[in-house]
Amino acid sequence: MPELPEVETVKRGLNKLIIGRKIKTVLSNTSRSFPNSEFEVKNFMVAARVTNVRRRAKVLIIELSNNYSLVVHLKMTGQLVFVDKKDRFGAGHPNDSLVGDLPDKSTRVTIEFSDKSRLFFNDQRKFGWVRLMPTSEVPNIDFMKKVGPEPLEDDFLPNEFMQRFRKRKNAKIKAALLDQSVIAGVGNIYADESLWGAYIHPCRLTGTLSDKELTDLYQEVRTVMKLSIEKGGSTNRNYVDAEGKRGSYMDFARVFRREGLECPRCGNEIIKIRCAGRGTHLCPSCQKLK
DNA sequence: CACTTGACCTGTCCGC
DNA sequence: TGCGGACAGGTCAAGT
């Protein structure tokens, strides 16, 4: 599921919904999704309050009052859905909700707060995970040590973008965009959308791109992901925000999952190919290989 | 080192 | 209707 805009949307939702709430009980049905021991949960999670929710790349960090944090990666199908005590059986969730009564079959972790409200970590494919650790240890996890800069930060400039991609000259540009150690947060949807915006074929080798093409791509990555955050992210399949609601970026997508339809720029047919091991959407007329 | 591929899971969709 | 195979928002480990 979630790329930077979706994780950012969940982060903003959780900051409105769970700050100050006190954890009462924690239930988990897979050690794979939540490897911490009962001892750790009892001693470093129960009775703590949520103080802040942050995002780094596609990772969420839920900070607790005792200097521990819950680190969450949603991977492909993870959801973090908050249900207030008054919302029974999904009532209170609007019609655009994708989730019904919780917990359901995909629920891996349930956190109940002292006021009976609950936060559910659902994950159909079980690739995602939740991990409790001291807040000071979060920067030391392998992913955090290697992940590249946040592309939407004000101080992330075209020059740094270009320098980072220039080091990956033999990789296909789409593979480099998806590589979280180059820049953070881009996934399959926004890679395709940005490459279309910059008139670049996803299978071009990065070393063949001009300075102008790279700076155009820098702009597109930022523009597309900012727009998506405004739209609450993309609900391609499972993704929902912290209230269980869908995002609407797919209504604005120009190529992603639009194979067989017209390119909004030139009217030629959008195609779907495989590039960098992923399903890839492009306009063969706007995005030439050479 | 740079780069690619397969594995991790469950569910859904498509063709026979 | 049933069944097999391909595919799905992400990352790793292992391979070339």
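Each chain gets a letter, A, B and so on, in the order its sequence line appears, and its residues count up from 1.
Across all strands, A/R108 comes closer than 4.0 Å to no nucleic acid atom at all (heavy-atom distances). Looking at heavy-atom distances under 4.0 Å, A/G279 makes contact with sugar-phosphate atoms alone, never a base. Residue-level contact check: A/S234 touches the bases, meaning some heavy atom is under 4.0 Å from a base atom. Residue A/G277 is out of contact with every strand shown, counting any heavy-atom pair closer than 4.0 Å. At a threshold of 4.0 angstrom between heavy atoms, the contacts of A/F256 are confined to the sugar-phosphate backbone, with no base atom among them. A/N170 comes within 4.0 angstrom of the backbone, heavy atoms only, and of no base.
Classified by interplanar angle (parallel below 30°, tilted 30° to 60°, perpendicular above 60°), the ring pair A/F44/A/Y68 is parallel.
When the nucleotides B/dT10, C/dC12, C/dG10 are ranked by their closest atom to the side chain of A/K146, C/dC12 comes out on top. Of the candidate nucleotides C/dC12, C/dG10, C/dA8, C/dC12 has the atom lying nearest to any side-chain atom of A/F143. Nearest to the side chain of A/A171, among C/dA8, B/dT4, C/dT11, sits B/dT4. Checking C/dC7, B/dT10, C/dG10 against the side-chain heavy atoms of A/Q124 singles out B/dT10 as nearest. In this structure, of C/dG10, B/dC8, C/dA8, it is C/dG10 that holds the atom nearest to the side chain of A/N188.
In this structure, a donor-acceptor pair under 3.5 Å is present between the side chains of A/S117 and A/D115. Side-chain polar atoms of A/E220 and A/T223 form no donor-acceptor pair below 3.5 angstrom. There is no side-chain donor-acceptor pair under 3.5 Å between A/T77 and A/Y239.
Counting heavy atoms from C-beta on, the side chains of A/I173 and A/E213 never come closer than 4.5 Å. Looking only at side-chain heavy atoms (C-beta outward), A/Y249 and A/I229 stay at 4.5 Å or farther from each other. A/T235 places none of its side-chain heavy atoms less than 4.5 Å from the side chain of A/K245.
The base of B/dA2 has none of its N or O atoms less than 3.5 Å from a complementary donor or acceptor on the side chain of A/R168.
Side-chain nitrogen and oxygen atoms of A/R125 include none within less than 4.0 Å of the OP1 or OP2 phosphate oxygen of C/dA8. Using a 4.0 Å cut-off, some side-chain N or O of A/K105 falls inside it from OP1 or OP2 of B/dG11. Neither OP1 nor OP2 of C/dG10 sits under 4.0 Å from any side-chain N or O of A/H73. In this model, the phosphate group of C/dA8 is approached by a side-chain N or O of A/K272 to a distance below 4.0 Å at OP1 or OP2. For the pair A/K75 and C/dT11, the criterion of a side-chain N or O lying under 4.0 Å from OP1 or OP2 is not met.
Of the two residues contacting DNA chain C, namely A/G185 and A/D142, the nearest-nucleotide position lying further toward the 5' end is that of A/G185.
A cation-pi contact links A/R265 to A/Y199, judged by a cut-off of 6.0 Å to the six-membered ring centre and 45° from its axis.
Taking atom P in both B/dC9 and C/dA14, one finds a spacing of 15 Å when rounded to whole Å.
If you check residues 192-207 of chain A against DNA chain C, you find no residue with a heavy atom closer than 4.0 Å.
Of the charged side-chain nitrogens involved, at least one lies within less than 4.0 Å of a carboxylate oxygen, so that A/D216 and A/K212 count as a salt-bridged pair. Salt-bridge formation is detected for the pair A/R55/A/E8: a Lys NZ or Arg NE/NH1/NH2 atom is positioned less than 4.0 Å from an Asp or Glu carboxylate oxygen.
Applying the side chain to side chain contact (heavy atoms under 4.5 Å, CB included) test between A/L195 and each of A/L177, A/L282, A/V221 identifies A/L177 as the sole match.
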Once Watson-Crick and G-U wobble pairs under 3.5 Å are found, how is DNA chain B written in dot-bracket notation, 5' to 3', with | for any base paired to another strand?
.|||||||.|||||||
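Summarising the geometry, the separation between CZ on A/R32 and C1' on B/dC9 is reported as 7 Å, rounded to the nearest angstrom. Per the geometry, OH belonging to A/Y239 stands 17 Å off C1' belonging to C/dA8, to the nearest Å. With rounding to whole Å, A/R278 atom CZ is found 16 Å from B/dC3 atom C1'. For the pair A/D123 CG and B/dC8 P, the computed distance is 16 Å after rounding to whole Å. Straight-line distance from the CZ atom of A/R257 to the P atom of B/dT12: 14 Å, rounded to whole Å. Rounded to an integer number of Å, the gap from A/M76 CE to B/dG6 C1' is 14 Å. Regarding A/K58, its NZ atom lies at a distance of 10 Å from the P atom of C/dC12, rounded to whole Å. If you take CZ of A/R274 and P of C/dG5, they are 17 Å apart, rounded to a whole angstrom.
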